[in-house]
Visitor: 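Could you have a look at this structure, given as C-alpha cells, before my questions?
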Amino acid sequence: MALSCCSYDYNILRSPTLYIHNSAQETAPTPIFSNSKLFNWVKPYTNKKKSLHFSPLTHRKSSRFQCSSYFQSSGYTVGSRIRYLFFAMDDPFESSISSPPSKKALTTSNHLRHVDSLATLPSGAGRIPELNAVILGESLASEEDDLVFPSDDFSRQAHVPSPQKYLDMYKMSIEDPDGFWSDIASQFYWKQRWGQPVYSENLDIRKGRIKIEWFKGGITNICYNCLDRNIELGNGEKVALFWEGNEPGVDGNLSYNQLLQRVCQLANYLKDVGIRKGDAVVIYLPMLMELPIAMLACARIGAVHSVVFAGFSAESLAQRIMDCKPKVVITCNAVRRGSKIIYLKDIVDAALADSAQNGFAVDVCLTYENLSALEKVKTKWREGRDTWWQDVVTKYPTTCDVEWVDAEDPLFLLYTSGSTGKPKGVLHTTGGYMVYTATTFKYAFDYKPSDIYWCTADCGWITGHSYVTYGPLLNAATVVVFEGAPNYPDSGRCWDIVDKYKVSIFYTAPTLVRSLMREGDEYVTQYSRKSLRILGSVGEPINPSAWRWFFNLVGDSRCPISDTWWQTETGGFMITPLPGAWPQKPGSATFPFFGVQPVIVDEKGVEIEGECSGYLCVKSSWPGAFRTLYGDHERYETTYFSAFPGYYFSGDGCSRDKDGYHWLTGRVDDVINVSGHRIGTAEVESALVSHPQCAEAAVVGVEHEVKGQGIYAFVTLVGGVPYSEELRKSLVLTVRNQIGAFAAPDKIHWAPGLPKTRSGKIMRRILRKIASRQLDELGDTSTLADPSVVDQLIALADS
C-alpha cells in the first residue's frame with residue numbers, strides 16, 4: 001500500500017489532529033495521532049520516490065524522523081519519509097471538500113480579484129508547495145517560513161477576526177461606498193450632515209478637470225472630534241499624550257481635558273493676532289507636546305497648518321514660507337537631539353530673512369522656550385516680530401469656540417520633494433481625511449481603548465499627521481510623543497520607553513529596525529517588552545530578514561506586524577495587513593484596505609491580472625485622498641493622473657504573487673534597467689540584507705556603457721565585521737542566487753553609515769551623486785542626521 005498525503009483541499013482552520021490518507025481509496029483519512037503541535041497537508045504526492053520529511057515547529061531548521069514503525073504496525077508500506085508542515089486546521093472531512101481551484105477561476109478582471117482569491121483559496125494563503133508556516137506565539141519565523149498565522153486567541157478578539165469578515169466589509173466598501181463610508185462617518189460629530197451623493201470624482205484627465213470630493217456639504221471640525229467629543233464620551237481624565245524628552249527621566253503628560261485647554265489657549269492667541277479661517281500657519285517645531293497642540297489649535301479655528309520638519313534647512317523652509325505665505329510661523333529656540341543641539345530659531349531667522357528679500361515678510365514668529373536645549377537670554381531676537389510662547393499664550397482663556405468648516409475645506413498643507421526641485425504642497429481637506437485616518441488607525445492596528453500607542457515618526461511628515469496626531473486622537477487613544485533619538489543614550493532607548501509606558505502598539509520605519517538590528521540583540525533582550533501587542537512598519541518596503549528580526553526578537557514571535565503601504569498623497573493606509581484577519585508573508589503589505597482598489601498596470605496602462613509586476617495605480621477615489629497641489633492644480637493632474645488616465649498613479653512599482661499578496665518594489669524611479677531587465681532597488685537591497693554579515697544596504701543605478709545601467713550597492717556591515725574582497729564576492733553571490741545573475745551588483749561600496757534624514761529616510765539623491773562621482777552636485781545635506789557620513793562615503797569610493 002503506497003502512502004500519500006490527502007488529495008482533497010479544504011479550508012485551513014484549527015485542530016491538533018494529523019490524518020493520513022490511502023490514495024487508493026476514496027474514504028475519509030485515518031487519524032494517526034494527535035499532538036499539541038499543529039499540522040497541515042502538503043500537496044498530493046503520487047510518486048513515492050519523492051522524499052517527504054517531518055518538520056517540528058520548535059526547530060529553526062528541518063529535522064527528520066522515521067515514522068516507519070508506526071505505519072508498518074498500521075499496515076502501511078513506508079518507502080519514504082513523510083513531510084508534514086505546520087498549520088492549524090480542522091478535520092478536512094468535517095468541512096466542505098472541493099477539488100483544487102483552477103488557475104482560470106482565480107483570475108478575474110474586476111476590482112474584487114483578491115477577494116475572489118481569498119474566498120477560493122484556503123485562508124487566503126494559497127496552495128503553495130513546500131510551504132512552511134508558524135502560528136503567532138508558537139515559534140520563531142525562519143527563512144523557511146512563508147506564512148505567519150494569527151493565533152486563535154488573537155483572532156477572536158480582533159476587530160476583523162477572519163478572512164470572511166474582511167471579505168464582507170471589503171465587498172460592501174467597493175459595491176456600496178456611499179453606504180459603507182456614511183455609516184462610519186456617522187460615528188463622528190457633524191454640525192450638519194453631508195448631502196448626496198456622498199462622493200463625486202473624476203480621475204480621468206481625458207474627461208476634464210481632476211476632482212475628488214467626499215461628504216461635501218457636511219459641516220464639522222476635526223479638533224472638536226479629537227478632543228471635545230471624546231471628553232463628552234467620558235474620556236476627559238484619560239491620558240491623551242505621554243511626552244518623553246531627549247534625556248531619560250525628562251517627561252510629561254496631558255489628559256484630554258488638559259490638552260483641550262492648552263489647544264484653546266493657543267487658538268485664542270492665534271485669533272488675537274489676526275488668524276482667520278483659511279489662513280496659513282507654518283509650524284517648525286521638534287517633537288514637543290506643543291507640536292500636536294499647534295496643529296489642533298489651527299484646526300479648531302479653521303486655519304490651514306503647514307508643518308515643516310524641524311531638520312530642513314533655512315533655504316527649504318523659506319521655499320515653503322514663500323509658497324503658502326503664512327501670517328504666523330511657530331517654532332522654538334532650540335532642540336537637543338541626542339548629544340547635539342540644533343538651533344531652530346537661527347534657521348527660522350535665516351528663512352524669514354530670505355523670504356523677506358524675495359518679497360514676502362512674516363509678521364509674527366511665536367517661539368517656544370525649550371529650556372532643556374537653550375535659555376531665553378542666549379536666543380537671538382527681533383523685537384516687534386518675535387514673541388515668547390510662554391509669555392503670551394498662557395494668559396489666554398482655556399475655552400475657545402469652534403470654527404465649523406465644510407468637509408471639503410482645507411485642513412493642512414504638507415510639502416513633499418518634487419523631481420523639479422520645487423516642493424509640492426499636498427493639500428488635504430477635513431471631512432474625508434478625518435473619517436479615513438480614524439478608520440485606518442482603528443482597523444490596521446486593531447486598536448482597543450486600553451492600548452498605549454507609540455509611533456516614532458515626526459509630525460513633520462504625513463505619518464506624524466495621520467498616525468501621531470489625528471488618527472489616534474480621533475479614537476481617544478493614549479499616544480507617546482518622543483523628542484529624542486532612538487539610539488540615545490544607547491540603542492536600547494526604544495525598548496526602555498516601551499517598558500516605561502507599557503506601549504502595546506509600536507509603529508516605526510524599516511530603517512530604524514535595520515539600524516537597531518545592526519547594534520545587536522542584547523539591546524532588545526535586556527528589556528521586557530511584554531506589553532507589546534502589535535508592531536507596525538512604515539515608509540518603505542521592509543525586507544523579509546528585517547521583518548523576521550522585528551517579529552522574532554522585538555515581538556517575541558507573538559505580535560503581528562502591520563506592514564503598511566501608503567503615501568503623503570493618500571492620507572492614510574492603502575494596502576495593509578489587518579491583525580487577526582489573515583496570514584502574513586514577511587515583507588508583504590498583503591491586501592487593500594476598505595474602499596481601496598489597487599491595480600497593477602503595464603507601460604501602456606493595461607491592467608495585469610494574476611501573478612505579475614508593474615506600476616501600482618488606484619482606480620476610484622477614497623475619502624483620505626489629497627485634493628490638489630497648493631496653487632498648482634495642473635502639476636497635480638500631470639504628476640498623478642496623466643501617466644495612466646483613469647487612475648491615480650502612485651509612482652511605485654508593485655508585484656502581486658499567485659496568492660494575491662502585494663509586494664512593493666520601491667519607487668519607479670528606483671527601478672534600474674539592466675540590459676532590458678527592470679530590477680527594483682528594494683529587491684536587490686532585500687537580497688543583500690539577507691546576508692548574515694550585512695546590516696543595511698541601499699542600491700542606486702549608474703550609467704553603464706554596455707548594460708545601459710549598472711547596479712551600485714552601498715553596504716553597511718554588521719558591527720565588527722571587517723571589509724574584505726571575499727565578503728564582497730559573497731554579497732554579490734547572494735544576490736545572484738536569490739534574484740539572478742542579471743541583478744548582481746556591479747559595485748559594492750562599503751558604507752560605515754548611510755546618509756539619512758533624522759526621521760530615518762535614506763537620501764538616495766546623495767548616493768546617486770556619489771556613485772556617479774558628481775561630487776560637486778551633492779546639494780543640501782543639512783537635513784541629514786549625520787552629514788559627516790557623506791565625507792566617509794566619498795573617502796571609501798575606490799576601496
Side-chain angles (χ1 to χ4, degrees), residues 221-231 235-236 238-246 251-270 281-310 328-332 335 344 366 368 370 389 393-394 398 400 402 411-414 428 430 433-434 437-438 441 452-484 497 501 503 505 507 571-572 759:
N221 183 283
I222 196 169
C223 176
Y224 184 92
N225 278 286
C226 284
L227 302 179
D228 307 63
R229 170 177 160 270
N230 286 322
I231 291 170
N235 293 305
K238 182 177 182 179
V239 173
L241 302 177
F242 281 121
W243 177 74
E244 176 76 5
N246 181 66
D251 53 33
N253 65 78
L254 291 174
S255 69
Y256 272 86
N257 282 329
Q258 293 168 325
L259 179 57
L260 176 59
Q261 291 168 4
R262 297 275 292 274
V263 166
C264 286
Q265 287 182 312
L266 180 57
N268 283 323
Y269 166 79
L270 291 174
V281 175
V282 164
I283 303 170
Y284 188 75
L285 283 169
M287 288 297 282
L288 305 172
M289 285 191 285
E290 284 65 27
L291 177 45
I293 286 170
M295 296 166 67
L296 291 162
C298 290
R300 190 169 192 83
I301 61 175
V304 181
H305 62 71
S306 179
V307 182
V308 179
F309 173 60
V328 174
V329 171
I330 302 176
T331 189
C332 76
V335 63
L344 298 182
L366 181 65
Y368 184 84
N370 190 8
W389 177 309
V393 173
T394 55
T398 56
C400 177
V402 170
L411 175 63
F412 66 85
L413 283 172
L414 188 57
H428 280 283
T430 303
Y433 175 85
M434 175 179 76
T437 52
F441 176 83
I452 306 296
Y453 168 79
W454 180 23
C455 171
T456 63
D458 191 287
C459 287
W461 310 110
I462 186 63
T463 305
H465 283 60
S466 298
Y467 301 112
V468 172
T469 304
Y470 291 118
L473 295 181
L474 286 164
N475 283 277
T478 296
V479 183
V480 174
V481 175
F482 178 43
E483 177 192 27
I497 293 171
Y501 296 105
V503 171
I505 303 173
Y507 189 38
S759 66

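Just so it is clear, the values below take in all heavy atoms, side chains as well, and ignore hydrogens, waters and symmetry mates.
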Visitor: Between Thr478 and Val239, is there a donor-acceptor pair closer than 3.5 Å when you use the side chain of the first and the backbone of the second?
Guide: yes
Visitor: Between Glu244 and Asp251 (side chain of the first, backbone of the second, donor and acceptor by atom type, cut-off under 3.5 Å), is there such a pair?
Guide: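 Checked: no pair found.
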Visitor: Does anything in residues 287-303 form a salt bridge (Lys or Arg N to Asp or Glu O under 4.0 Å)? List the pairs, not counting sequence neighbours.
Guide: Asp228-Arg300, Arg262-Glu290
Visitor: Can a donor-acceptor pair be found, under 3.5 Å and without considering hydrogens, that links the side chain of Ser466 to the backbone of Gly571?
Guide: yes
Visitor: For Tyr256, which residues count as a ring pair (Phe, Tyr, Trp, His ring centres under 6.0 Å) partner, sequence neighbours excluded?
Guide: none
Visitor: In chain order, what residues pass the ring pair (Phe, Tyr, Trp, His ring centres under 6.0 Å) check against Phe242, with sequence neighbours excluded?
Guide: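 Phe242 satisfies ring pair (Phe, Tyr, Trp, His ring centres under 6.0 Å) with Tyr501 once adjacent residues are dropped.
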Visitor: Should the pair His465 and Phe412 be assigned to parallel (<30°), tilted (30 to 60°) or perpendicular (>60°) ring geometry?
Guide: tilted
Visitor: For the side chain of Thr331 and the backbone of Leu285, is there at least one donor-acceptor N/O pair under 3.5 Å apart?
Guide: no
Visitor: Can you name the residues that form a ring pair (Phe, Tyr, Trp, His ring centres under 6.0 Å) with Trp243, not counting sequence neighbours?
Guide: none
Visitor: Look only at the side chain of Asn246 and the backbone of Glu483, and say whether a donor-acceptor pair between them is shorter than 3.5 Å.
Guide: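 No: the side chain of Asn246 does not pair with the backbone of Glu483.
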Visitor: For Asn235, check side-chain contact (heavy atoms from CB on, under 4.5 Å) against everything at least two apart and list the hits.
Guide: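 Asn230, Leu233, Lys238, Ala476.
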Visitor: Tell me every residue that passes ring pair (Phe, Tyr, Trp, His ring centres under 6.0 Å) with Phe441, counting only those two or more places apart in sequence or in another chain.
Guide: Phe445, Tyr447, Tyr453
